[in-house]
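Note: hydrogens, waters and symmetry copies are ignored here, and every other heavy atom, side chains too, is used.
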Amino acid sequence: MSTTADPLAALAALPGVADSVDAVRQAVDRVYGHRVMRRRSNEVTSEAALRGARGSAALAGADWALEEVRRRSDFGSEGEPRTVGAALRLTAEAGQLLSVWRQSPLRVLARLHLVAVGGTEAADAVGRPRLAGEPVDEPLIELELPDAEEVAGRLDGLARLLIAGSEAPALVAAAVVHGELLALRPFGSRNGLVARAAERIVLVGSGLDPKSICPAEVGHAELGGAAYVEALEGYASGTPEGMSAWIAHCGRAVVLGARESTAVCEALQRGAA
């Protein structure tokens, strides 16, 4: 990233990023302006949370139909049920951590990992960045794994950047948080779920999506794992073109999430949801 005083603002100035920011703002404004939001916004928020969790779990290898997620309760079982359960818990937890995020992003990341793991890993490995030699289980992401020292340094730099604040649009900050966590994979497992939950926190906490009704996770899943990985490779390259492409990808995901909630609003209006 740029070494300017506000590196996020520098990323916002990259070619094509302003178009992505505008598209996101228009999509978000459209769903917030829907007449259903005036009286049934809590229902839309709840449905967006469920659909966002389903999308995040799909990218983590548990691609269940929405109705399957809705009806199941056995999320403690090994394999896919546990992944879906982790995504659901993270989505519920994210909204409770906004005030802490502004003061200590690293504390929130530790909490998110604890929630995602849900007591399935050794206690001394939960909620802290991995140590030298510790393995990482993240099947979708095959980028070269940074060593523990680099992870610690970059996490600290990310936290300081977020606490300092930026003039950059929320989309840019959310994309950087998401991309950095995926590139670093700081925990032994569940990094993708944690990264997508952190992206949600930034989008909500920034005021772009205060009611959390534009689930980017839905869009990431709809765009597909291959496109997700390709865009992430662009971020990891650090080139202006790669960074811009990743931000644009995250922007498309938010737009698709907003479109999903617009469809929910339409269904509620018809009495069909």
Side-chain angles (χ1 to χ4, degrees), residues 1 3 7-8 11 56-57 59-61 82-83 85-87 89-94 96-166 172-203 205 217 220 228-229 231-238 243 246 250:
M1 294 193 301
T3 58
L8 294 179
L11 292 177
S56 191
L59 285 171
R82 187 162 286 171
T83 297
R89 291 193 303 272
L90 282 171
T91 301
E93 186 77 9
Q96 311 302 314
L97 297 172
L98 295 173
S99 61
V100 183
W101 177 265
R102 297 185 185 100
Q103 300 171 0
S104 181
L106 297 185
R107 280 181 56 199
V108 171
L109 293 177
R111 174 62 184 171
L112 290 175
H113 188 241
L114 177 65
V115 169
V117 169
T120 62
E121 296 183 14
D124 65 349
V126 176
R128 61 154 175 80
R130 54 187 166 81
L131 303 178
E134 290 184 332
V136 172
D137 178 17
E138 200 66 44
L140 184 64
I141 309 302
E142 298 181 353
L143 293 172
E144 183 178 351
L145 194 65
D147 63 30
E149 184 177 355
E150 180 179 352
V151 168
R154 285 172 62 175
L155 279 178
D156 181 66
L158 179 64
R160 285 188 282 104
L161 182 66
L162 294 169
I163 292 169
S166 172
V172 175
V176 167
V177 168
H178 187 170
E180 193 72 355
L181 292 175
L182 277 180
L184 292 177
R185 283 146 292 162
F187 304 113
S189 65
R190 306 297 193 195
N191 290 285
L193 292 175
V194 169
R196 291 184 287 275
E199 179 185 49
R200 172 185 285 267
I201 288 172
V202 175
L203 292 171
E217 305 97 322
H220 287 302
Y228 188 64
V229 170
L232 177 63
E233 289 172 350
Y235 176 87
S237 74
M243 300 291 283
W246 170 249
C250 291

Report the C-alpha separation of V202 and V176 in whole Å, then their side-chain angles, then the decisive distance to 0.1 Å, and conclude whether the side chain to side chain contact (heavy atoms under 4.5 Å, CB included) test is met.
CA-CA 10 Å; V202 175; V176 167; over 6 Å; no
Run F187 and V126 through side chain to side chain contact (heavy atoms under 4.5 Å, CB included) and show every step you take.
CA-CA 8 Å; F187 304 113; V126 176; over 6 Å; no
Check the pair L109, W101 against side chain to side chain contact (heavy atoms under 4.5 Å, CB included), reporting the backbone distance first and the verdict last.
CA-CA 9 Å; L109 293 177; W101 177 265; 4.0 Å; yes
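Atoms NE2 and CG, from H113 and L90 in turn, are 9.5 Å apart once rounded to the nearest 0.5 Å. For the atom pair N191 CG and L184 CG, the distance stands at 9.0 Å (nearest 0.5 Å). Atom CD in Q96 sits 10.5 Å away from atom CD1 in I201 (nearest 0.5 Å). Taken from CG in D147 to CG in L131, the straight-line distance is 12.0 Å, to the nearest 0.5 Å. Rounding to the nearest 0.5 Å gives a distance of 8.5 Å between CG of L143 and CG of L182. Expressed to the nearest 0.5 Å, how far CG of L114 lies from CZ of R89 amounts to 9.5 Å.
No side-chain heavy atom of P105 sits less than 4.5 Å from a side-chain heavy atom of L158. Side-chain contact between L161 and S166 is absent, with no heavy atoms from C-beta onward closer than 4.5 Å. Using a 4.5 Å heavy-atom cutoff, the side chains of L181 and L155 are in contact. Between V136 and I141, every side-chain heavy-atom pair lies at or beyond the 4.5 Å cut-off. Counting only heavy atoms from C-beta outward, the side chains of R130 and P135 never approach each other to under 4.5 Å.
L232 and A183 make their closest contact through CD1-N, 4.4 Å (heavy atoms, listed as atom of the first residue, atom of the second, distance). Nearest heavy atom pair, residue R190 against residue A86, reads NE-CB, 4.3 Å. Taking both residues in full, the closest heavy atoms of R200 and A94 are given as CD-CB, 4.1 Å, listed atom of the first, atom of the second, then distance. Nearest heavy-atom pair across C250 and H178 is SG-ND1, 4.3 Å. Contact record, P186 with V151: CB-CG1, 3.7 Å, taken as the closest heavy-atom pair. Taking all atoms of both residues into account, the shortest heavy-atom contact from A198 to V177 is CB-CG1, 3.7 Å.
Judged by distance alone, with hydrogens and angles left aside, the side-chain atoms of E93 form no donor-acceptor pair with the main-chain N or O of L112 at under 3.5 Å. When atom types are taken as modelled, the side chain of S104 and the backbone of V100 share no donor-acceptor pair closer than 3.5 angstrom.
With S56 as reference, R196 is the one residue of R196, E217, H220 to meet the side-chain hydrogen bond (donor to acceptor under 3.5 Å, both in side chains) rule.
For residues 149-160, the salt bridge (Lys or Arg N to Asp or Glu O under 4.0 Å) pairs, not counting sequence neighbours, are E150-R154, R154-E180, D156-R160.
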